[in-house]
Amino acid sequence: MKADLLITGISQLVTAKGRGARHGAAMRELEVVEGASLAITGGLIAWTGKSCEWAGHASETVDLEGRAVVPALIDPHTHAVWAGDRLADFDARTSGKSYEEILKAGGGIRSSIRATASATQEELVRLAAPRMARLLRSGATTIEVKSGYGFEPYAEIAMLEAIQVLRASTPARILSTLLIHIPPAHVQDRTSYIADVCNLLIPEVANKKLAVALDIFVEQEAWHVDEAEVMLHCARQHGMAIKLHSEQFQRVGGLELGIHMGALSVDHLEACVPEQFELLAASSTIATILPGVSLHLGIAAAPGRQLIDAGAAVAVGTDLNPGSSPLFSAAAALALAVRLNGLTTEEALMAGTVNAACAVGLIDAGRIEAGLEADFLVLEGRDWRELIYILGANPVREVWIHGEKVEQ
């Protein structure tokens, strides 16, 4: 075998093998190769194995000097494009104000919507670019980014167009999602608003290929199940995948709707109850948990341990956003999932790679395997578990995308 590049000196090469999401106990089935090498040709992985088994020739060799290698991470849930800040909300909450009181005072998500709507596309891109760079440095080479701070169709389109511009400015792969967040405060006729979403917004987004999926926030104070179903059906008719925010604060049927409609993922799940664990376990829908929200808001963590024990496929995301999860590290999200949601280190890595890939509709990502894109991380240490063990420092030394080291 002839390769463009041979990477040697890998203390541990760690990955899942084979396509598809991992459910339940299979989330702990990682392959760990000690003393490994990795061959790359044309940006793709050509061979992996023990260094002593390599019998080919490489045009170039890089020695990692005994560091661990894991697949590049995938962040399946972010709101990385916004303007303004929520520092006043943070002060109010830490001073004992309730979320409802903050909303009545003009804060909360509506303050982000006002600031984002008033920003130019150039401003949104300029503000989002360093956020994406931080996620990339933390190991996320594929990042889902949602709209949702626009309310009006034109503002949602503007957000999605800003995400497109942002895509050209980063080596990370950005996947755009149209998010219908919460009903606008000024809208009296929700039926008419939903009609505009279905007749104007979704068709334009689909025709211009501005987003690959539609996400709906289903909660008592957001969209109801019957309303969400109309918009999700419309998205499916226009060739878009579907996702849901649900079961964050109450059980209102969003999880069941997502499973019934074959959603890629149902995200949040802090209020998920035992009888729903089995529903997720029997489905292809990924349970995406977001521990940064639990840490920042001080609310109960999603039952990650129980979901996995029931046989569900769990993914982990940062939920990077200004209000409930100012978490700029995909690696830190995995570390929090172990500490707050009860995942093991093996499960956390699987949740941030293979299962996260499935949560955004990718079947050939999140693994180090011959024939796949050479997207991987070189860690600072010899033991791959440091990726999830370390707090307060970046355990990632190098980020590689398509067989090339990203300069940071």
| query | Have D215 and T177 got a donor and an acceptor in their side chains that come within less than 3.5 Å? | reply | no
Using a 4.5 Å cut-off on heavy atoms from C-beta on, say whether the side chain of [Y] contacts that of [X].
X	Y	answer
P171	L136	yes
I174	T170	yes
M27	I308	yes

| message | Holding to ring-ring contact (aromatic ring centres under 6.0 Å, His included), I want the full list of residues that pass it with F217, two or more places apart in sequence or in another chain. | response |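 Listed in chain order: H181, H245.
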| Lys/Arg N to Asp/Glu carboxylate O, D89 vs K97, below 4.0 Å | no
| query | Hey, are E275 and R251 close enough for a salt bridge, meaning a charged N less than 4.0 Å from a carboxylate O? | reply |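 Here E275 pairs with R251 in a salt bridge, since their nearest N and O are under 4.0 Å apart.
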| query | What residues, two or more places apart in sequence or in another chain, satisfy side-chain contact (heavy atoms from CB on, under 4.5 Å) together with S118? | reply | none
| field | R385 atom CZ: more than 12 heavy-atom contacts under 6.0 Å | value | no
| message | I'd like to check the side-chain hydrogen bond (donor to acceptor under 3.5 Å, both in side chains) partners of W400; sequence neighbours left out, ordered by chain and number. | response |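 In terms of side-chain hydrogen bond (donor to acceptor under 3.5 Å, both in side chains), with neighbours along the sequence ignored, W400 is linked to E398.
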| Would you say the ring centroid of Y389 lies under 6.0 angstrom from that of W384? |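 Between Y389 and W384, the centre distance exceeds or equals 6.0 Å.
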| message | Ring centres under 6.0 Å, that's the criterion: do H296 and F90 meet it? | response |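 Yes, the ring centres sit under 6.0 Å apart.
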| L244: which of I259, L257, L264 passes side chain to side chain contact (heavy atoms under 4.5 Å, CB included) | L257
| Among V218, L290, I289, which one satisfies side chain to side chain contact (heavy atoms under 4.5 Å, CB included) with H268? | L290
